[in-house]
Engineer: 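Structure provided below as structure tokens; questions to follow.
We're numbering straight along the sequence, starting at 1.
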Amino acid sequence: MAPRDPVGRDRALPDRVVLLGIRHHGPGSARMVAAALEAVRPEVVLIEGPPEGDALLEHLPSLVPPVALLLHDEAEPSAAAFWPFAEFSPEWRALTWARANAVPARFFDLPAAASLGAEPSEPRAVVDPLGVLAEAAGFDDPERWWEDVVEHSAGADPRALAGAVAEAMTALREEFADEVDERTLRREAHMRQSLRKALKETEGPVVVVCGAWHVPALGALPPATADAALLKGLPKRKVSGTWVPWSHGRLASSSGYGAGVDSPGWYAHLWECAERGDAVPRWFARAASVLRAEDLPASTASAVEAVRLADTLAALRGRPSPGLSEVSEAALAVLCGGDEVPLRLVHEKLVIGERLGEVGEGVPRSPLAADVARWQRKLRFPPSLEGKPYRLDLRKDNERERSKLLRRLEVLGVPWGRPDTTSSLGTFAEMWQVRWDPGFAVALGGAARHGTTVEAAADRVLCQRARDADRVAPAAEVLSTAVGCELPIAVLAARSALDRCAAVAADAVELLGALPDLATTVRYGSVRGTDPELLRVALHGLLARGAVGLPLACKGVDDETAERALVAVNGADDAARLAADEEHQAVWRRALRSLVGMPDAHGLPTGRATRLLWEAGELDTAAVAARLHRATSWNGGTASGATAFVSGFLRGSASLLAADARLFDLVDEWLSGLAPADFDDALPLLRKAISDFSPAERRLLGDRVLGSSASSGVVSGEWDEAVAERLAAHVRALLAGVSA
């Protein structure tokens, strides 16, 4: 063991300590670590990682990487962090070697308790050590340099390779000593303290596996008091943890993982093929299989030719063997025919990869996470990284339970599934896009404070949201969510919140704005096991109060408020139809008639109300034409007011104009008579009005415009240059205004 230094100087490590500086998740480093451990046969292995993870190492046999160590603050589970491991991670190789050889393995980095939930105030190091070394070696890509020096170093003496890495990093640490941040210094102080302890407890070899950047700081031991001073005052927390499945996508640097690599799938492939030595041919065979699965041409002959091209490129560049850049270029040229689109598919499926790890049943987990796993097994609903559509028939017990699980998890901040609302499947079916993300483990950890089961936790969250609701719309949203989750206690809490908020609401637009959510809830209530009458009473109450106040709410308002009112009118009209109650439908129709007759009401909701009354048979074509004529002839009003009325009247469908010549002629006459400046001002609202027209409706309207022009003599066989020039000049002016 190292002797004491009476004068307080740094002491060199004893020869029995072997420092292995690695690149996180590098297969070359993994081979170096595996070979070094076999050669040294240490008594203890120290591995970069949080010491709180030591208690979970007994579960290694139950894990299939990629997996991650998840540690969280017991008092605040959302304060959590992951430490991922892949099959090709050097740290994983060290852990599995130690387990197989009955050698103690310990994590010796700074405890997670010192960093969870607290961002360091000091700036992080800005040095990219691999980038500096790659540039010095004449490489413009650090990944490529590391591949050549380490990843393709099979057969090299592991201790010599570790020594070379340590020498390079030592030079860098000396050059960039001022760039090392305080947190790194504290981490390294704790590493040295752990190393001192290991040296006291053992007489034999000690192997240290850590990031190459830290090796120079561990090459000598300063006085223990100096390291103790650096570690003084660190925060302390009670930390718990578990193992969770991880994925290659989450290991990628593009995912935001700071220690990630650009190509985890490629590295996994290199690791798996290391002993056979056929990594490149197997890679192209897999790439061809991926392309063929998407019905893209990729023959065996093309794969063989791609291997030859990759080998040739590597030889021309003086590389020991083809790297990712060579195989990607060969795949692009030969397999993909120069097309980047199929190459992106290969990149996503193979270079990044989609592998998801596994965690055995015996691994400890929170009761909530265990309940999720239980439901996934019970419903035959396994988590998958690949997005998959599900059509759920709510009349079938298993599929209804799946829907409940997805909705309850969404309440808990775990959006495993997202409803697909692009198509209507009726009352008894739903479409979902389902995709699992390993990061959901943190959300489940945070949600565990709400309850031990998904049902109990979601119920508690929704009841709290109901208590916090201070407006009608949020209360209606909570009610809709609670009905979808089939949580009776939360339904009653949300229903009470809705009554409370509606009682003090004075804004008719706010009251009517809550109706669409509530109407949908009424529609699905019986399917979800909720008494529809409980919901229908709430719907009727909001509709009645909102209807009474609607006309005044639309008087003298600005355009933004008018747009909100138009949306509310549309939603309330749908809700009134759903109510299937003649009394409340009559109340709503009276409100629309009052709005249409209200002086100074904004044109948008007034025009929409006119259209709805016509569709309901409350106004005939003559009455509609009279109101439309009154609006477009202004009668002392403004062009903008007429535009708003026409826009509200047309919103949603062109069928009315296309079918009724009289109404069409009125709008056509109004548009034709607008002054150029008024026409320019009218365009935004009119464009918004026709944006919902279907292609068939637009064609029908275009045919009527053409027919009207022909019948009036506007369209003829002669070309009028003067008219064409005026039109072209106007279009150019409009385009110039848009581009400006």
Side-chain angles (χ1 to χ4, degrees), residues 18-40 45 47-48 65-66 84-97 128-139 141-169 172 207-215 248 251-253 257 259-280 282-283 310 314 317-328 350-353:
V18 178
L19 300 177
L20 300 179
I22 53 99
R23 183 195 184 198
H24 300 295
H25 315 304
S29 293
R31 288 193 297 270
M32 177 187 73
V33 166
L37 289 170
E38 280 297 321
V40 176
V45 182
I47 302 167
E48 183 177 324
F85 301 89
E87 184 74 14
F88 51 84
S89 300
E91 302 93 333
W92 182 259
R93 303 322 311 169
L95 290 171
T96 54
W97 183 92
D128 175 12
L130 296 185
V132 174
L133 292 175
E135 184 178 0
F139 285 74
D141 182 2
E143 293 266 350
R144 185 173 166 189
W145 173 80
W146 186 265
E147 269 197 61
D148 281 3
V149 175
V150 178
E151 306 303 349
H152 295 297
S153 61
D157 176 55
R159 299 190 67 165
L161 184 58
V165 171
E167 184 178 351
M169 290 297 166
L172 282 180
V207 166
V208 175
V209 179
C210 64
W213 182 245
H214 302 298
V215 168
H248 281 169
L251 283 171
S253 53
Y257 172 39
V261 292
D262 289 346
S263 48
W266 167 251
Y267 279 175
H269 180 77
L270 290 180
W271 175 259
E272 293 162 0
C273 298
E275 293 184 2
R276 294 191 299 264
D278 58 353
V280 174
R282 285 183 175 272
W283 176 264
R317 295 167 180 173
R319 304 195 68 182
S321 63
L324 181 58
S325 58
E326 284 75 31
V327 297
S328 295
L350 297 185
V351 177
I352 300 297

Engineer: Can you name the closest pair of heavy atoms from Leu270 and Ala279 and give their distance?
Structural biologist: CD2-CB, 4.0 Å
Engineer: Heavy atoms only: give me the nearest Trp266-Gly323 pair and the separation to one decimal.
Structural biologist: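 The pair with the smallest heavy-atom distance is CZ2-C, 3.8 Å.
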Engineer: Applying salt bridge (charged side-chain N to carboxylate O under 4.0 Å, His left out), name anything that partners Arg282, two or more places apart in sequence or on another chain.
Structural biologist: Asp278
Engineer: Any non-hydrogen side-chain atom of Val165 less than 4.5 Å from a side-chain atom of Val215?
Structural biologist: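 Val165 vs Val215: side chains apart.
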Engineer: Going from CZ on Arg317 to OG on Ser325, what distance comes out if it is rounded to the nearest 0.5 angstrom?
Structural biologist: 5.5 Å
Engineer: Are the side chains of Trp92 and Pro66 in touch, meaning some heavy atoms are under 4.5 Å apart?
Structural biologist: no
Engineer: Is it true that a side-chain atom of Ser29 and a backbone atom of Pro90 form a donor plus acceptor pair closer than 3.5 Å?
Structural biologist: no
Engineer: Counting C-beta onward and ignoring hydrogens, is there a side-chain heavy-atom pair between Tyr267 and Leu251 closer than 4.5 Å?
Structural biologist: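 Tyr267 vs Leu251: side chains apart.
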Engineer: Given side chains that start at C-beta, do those of Met32 and Ile22 come closer than 4.5 Å, heavy atoms only?
Structural biologist: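 Met32 reaches Ile22 side chain to side chain.
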Engineer: If you draw a 6.0 Å radius around CD in Glu167, do more than 12 non-hydrogen atoms from other residues or ligands fall strictly inside?
Structural biologist: no
Engineer: List the residues meeting salt bridge (charged side-chain N to carboxylate O under 4.0 Å, His left out) with Glu87, not counting sequence neighbours, and say none if there are none.
Structural biologist: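 Scan of Glu87 (salt bridge (charged side-chain N to carboxylate O under 4.0 Å, His left out), adjacent residues dropped) gives Arg93.
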Engineer: Just say parallel, tilted or perpendicular for the rings of His25 and Phe88, cut-offs at 30° and 60°.
Structural biologist: perpendicular
Engineer: For the residue pair Pro65 and Ala86, what are the closest heavy atoms and their distance?
Structural biologist: CB-C, 3.9 Å
Engineer: For a 4.5 angstrom cut-off between non-hydrogen side-chain atoms, does Ile352 reach Ser263?
Structural biologist: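 No, their side chains stay 4.5 Å or more apart.
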Engineer: Which atom pair, heavy atoms only, marks the closest approach of Trp283 to Val327?
Structural biologist: NE1-CG2, 3.9 Å
Engineer: Can you tell me how far apart CD1 (Ile47) and SG (Cys210) are? Round to the nearest 0.5 Å.
Structural biologist: 11.0 Å
Engineer: Can you find a heavy atom in the side chain of Met169 that is under 4.5 Å from one in the side chain of Leu133?
Structural biologist: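 Yes; the side chains approach each other to less than 4.5 Å.
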Engineer: Show the nearest heavy-atom pair for residues Ser321 and Ala314, with the distance to one decimal.
Structural biologist: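 Shortest heavy-atom contact: C-CB, 3.8 Å.
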Engineer: Taking all heavy atoms of Pro322 and all of Ala310, pick out the closest pair and write down the distance.
Structural biologist: CG-O, 3.7 Å
